[in-house]
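Throughout, a chain's letter reflects where its sequence line sits, starting with A, and its residues are numbered from 1. Every heavy atom of this structure was used, including side-chain atoms; hydrogens, water molecules and symmetry mates were not.
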Number of protein chains: 2
Amino acid sequence: MAKRSGSSQVTIRDVAGLADVGVATVSRLPNGDPAVAAATREWVHAVMAELGDEPLRAARALLRRRTDALLVVLPLWTRCFSVQILCGIEEALLETNDAFILRTLERPADGSRTIASVRRDLVDGVLLASLVVRPLRLARLERERWSAVVADGDPAVPLSLIVVDHVEGARLAVTHVARSGHRRMAAIDRPGDPFADKQRSRRLLGDRQALQELGPERRAEYERVTPFRVEGGITGLHSLMQLPVPPTAIVVGRETHAGSVLRAVRQLGLDVPRDLAGVGYHESEIAELLGLTTVHCPRRAIGRQAAQLLLDSFSGRLAPNEVAVGWVTPNLMVRRSCGAQGTEPGAGSVGE
Amino acid sequence: MAKRSGSSQVTIRDVAGLADVGVATVSRLPNGDPAVAAATREWVHAVMAELGDEPLRAARALLRRRTDALLVVLPLWTRCFSVQILCGIEEALLETNDAFILRTLERPADGSRTIASVRRDLVDGVLLASLVVRPLRLARLERERWSAVVADGDPAVPLSLIVVDHVEGARLAVTHVARSGHRRMAAIDRPGDPFADKQRSRRLLGDRQALQELGPERRAEYERVTPFRVEGGITGLHSLMQLPVPPTAIVVGRETHAGSVLRAVRQLGLDVPRDLAGVGYHESEIAELLGLTTVHCPRRAIGRQAAQLLLDSFSGRLAPNEVAVGWVTPNLMVRRSCGAQGTEPGAGSVGE
DNA sequence: GGAAACTTCCGAAACGTTTTACTTGACGAA
DNA sequence: TTCGTCAAGTAAAACGTTTCGGAAGTTTCC
């Protein structure tokens with residue numbers, strides 16, 4: 001059969017020899033070059049399959065100046081949120097046989113250090129997730145000719161983006177609470193890194209817009225920004241309930257934060273949803289466990305679409321300096337925390 | 001200064017020319033070849049720094065048959081657990097400038113398909129995390145000459161391993177509960193994929209061993225294996241509390257499962273820790289939120305040590321067919337769910 | 001003093017692919 | 001026939017590195 005040498009590596013020359021064609025003809029195959037007759041193409045394909053040969057990636061990369069890999073920079077302080085984005089990215093890449101190198105960030109400040117640590121020739125481009133891209137970093141990307149896209153990003157950044165419509169998300173939450181019969185809605189959100197702050201302000205924007213449209217005007221004193229840990233939820237709630245006219249519903253900026261608020265509610269001897277209704281952001285095991293109605297981001301879609309955008313820019317479907325923006329809309333996962341219309345806990349799955 | 005050509009790529013020949021040495025001498029530098037005088041080394045290094053040159057990875061890989069990257073296969077149904085392992089891996093790799101390609105698994109059955117989808121020449125080896133390595137897969141790894149290590153694995157597998165001492169973990173939990181004055185301890189665990197089942201049986205083993213040593217003999221009817229969702233916790237607890245002599249403490253197989261059990265406890269009008277003490281496994285936001293005492297796995301250390309093992313086998317510090325096994329011991333995060341000695345909720349951070 | 005051994009470096013030949021420039025043969029049009 | 005055009009395929013030159021076989025120069029040992 002094959003007259004391969006002692007090495008286990010089958011080369012393009014072996015294939016060419018066996019198929020009785022030139023090496024160039026073989027090489028043209030995986031690159032989809034049209035200058036090869038259909039019959040020849042098929043014949044050579046068969047020989048390649050027989051020999052179990054696929055072009056060696058390193059040799060290919062050397063000549064094409066392409067690695068078929070991309071860099072993913074992913075924050076971890078958002079925990080499971082990012083992981084779902086990652087899954088989406090992987091999904092998109094699996095279809096095209098590309099790979100990705102991952103760099104996770106544990107603190108917001110790690111961002112620039114991280115990108116700098118990756119050699120430009122290791123990957124074809126970079127996908128930044130849930131990050132603020134500072135002008136300095138942007139300049140660096142520009143200078144070193146990176147192809148870059150941002151997943152779950154700020155629409156003001158001049159890069160290709162997948163944007164989550166947080167304004168609409170907040171609107172969903174408020175509308176839902178209003179439909180459940182509430183008029184006095186408070187908002188508790190959390191301070192955070194610059195990125196989280198951007199998200200928060202967009203949520204608050206949607207929140208206010210929706211309230212205005214619906215009629216029940218929120219008073220300024222119904223808004224709270226309290227730290228993220230358990231005690232933050234407690235102090236936030238206490239200060240709200242001590243108002244002369246306390247709210248009857250609360251929208252909270254994250255599901256774990258909502259968890260701490262619920263805890264505080266119980267401490268006050270109140271019942272959810274009888275005395276107080278609530279909606280949180282983001283979907284998690286906690287939300288399911290607590291029966292909390294939440295606004296859910298399609299994180300997987302974010303990842304998949306962002307990766308697709310980057311692949312498009314590699315393949316030339318996107319001009320080098322063209323930026324594309326895709327929008328993704330959250331949806332509402334209704335549970336018990338706003339009243340009877342929700343499902344019983346445990347009836348639904350966390351899902352994606 | 002440099003007389004580089006139009007291309008932006010600085011080659012080894014540019015460096016050699018400018019430094020007035022042969023290309024071989026330059027090439028020896030990053031490979032740590034000792035056959036180059038200290039003075040020369042320094043001088044050439046300076047020139048390389050000046051030109052901003054580093055060897056092109058693809059060209060290097062072509063000749064060395066090394067990619068300086070490894071594959072990480074990581075299950076996602078364990079959610080945040082895996083992510084922490086990933087952080088550890090990244091940490092170890094960052095020091096040596098290696099990269100990794102990630103493949104996540106969403107269902108246990110995806111395992112073999114996933115490894116098969118990665119070309120052998122893309123990476124130098126594979127790190128399998130929290131997985132059962134079936135004989136068939138093992139044979140494949142052997143046949144294709146993969147270097148492989150398993151993080152958080154089953155000690156029976158004939159590969160290099162980092163093993164978590166779950167027996168000791170269970171012992172910690174039981175000992176803690178016993179010290180809090182309890183004698184009648186129940187165990188609720190969950191069924192799962194083959195891997196989780198292995199973990200569970202090791203936990204139960206440690207559990208029984210510790211009980212035997214401590215004196216209070218568990219009766220068989222105190223052990224329950226119930227499904228993972230909310231209703232699983234409820235039925236498990238109910239059937240335990242309806243026993244003629246109900247237990248006074250429960251050890252639960254995972255923190256989210258413990259969450260659903262706690263929920264059931266409240267439904268029965270009981271108080272934790274007054275009427276019933278509890279310990280869960282694994283550390284998470286849920287555990288902190290609920291004030292649940294848990295057994296904590298040092299997941300980061302698992303990842304870091306496993307990566308280190310793989311790097312060792314690349315560098316020859318580990319003989320090709322030598323297997324190394326490292327043990328990692330869990331520790332106890334004491335909170336309120338076993339009595340007064342725990343800290344108040346919110347006082348501690350999730351840590352790790 | 002000369003051979004042997006060691007140190008330090010050099011030039012050139014790989015590595016397996018892509019790509020460029022060129023050949024060949026077939027087919028019409030002039 | 002002669003030329004140009006086109007399709008299909010070929011041979012050879014890259015790509016940037018590592019490494020092999022030497023070759024100087026220096027030291028060591030009889």
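Residue T40(B) has its side chain nearest to dT8(C) when only dG21(D), dT8(C), dG16(D) are considered. Nearest nucleotide to the R65(A) side chain, out of dT17(D), dC10(C), dC15(D): dC15(D).
Counting non-hydrogen atoms under 4.0 angstrom, L56(A) reaches the backbone sugars and phosphates but no base. If you check every strand for non-hydrogen atoms under 4.0 Å, D33(B) touches nothing. At the heavy-atom level, I12(B) lies under 4.0 Å from base atoms of the strands shown. When heavy atoms are screened at a 4.0 angstrom cut-off, A24(B) is found touching base atoms of the nucleic acid. When heavy atoms are screened at a 4.0 angstrom cut-off, V23(B) is found touching base atoms of the nucleic acid.
Dashed line: the shortest gap from a side-chain N or O of T25(B) to OP1 or OP2 of dC10(C) is under 4.0 Å. For the pair T11(B) and dC15(D), the criterion of a side-chain N or O lying under 4.0 Å from OP1 or OP2 is not met. For R64(B), no side-chain nitrogen or oxygen approaches OP1 or OP2 of dC15(C) to under 4.0 Å.
Comparing L63(A) and R41(B) against DNA chain C, the residue whose closest nucleotide sits nearer the 5' end is R41(B).
Exactly one residue among V328(A), I85(A), D152(A), V164(A) makes a side chain to side chain contact (heavy atoms under 4.5 Å, CB included) with C297(A). That residue is V164(A).
The interatomic distance linking M48(B) (CE) with dG16(D) (C1') rounds to 12 Å, in whole Å.
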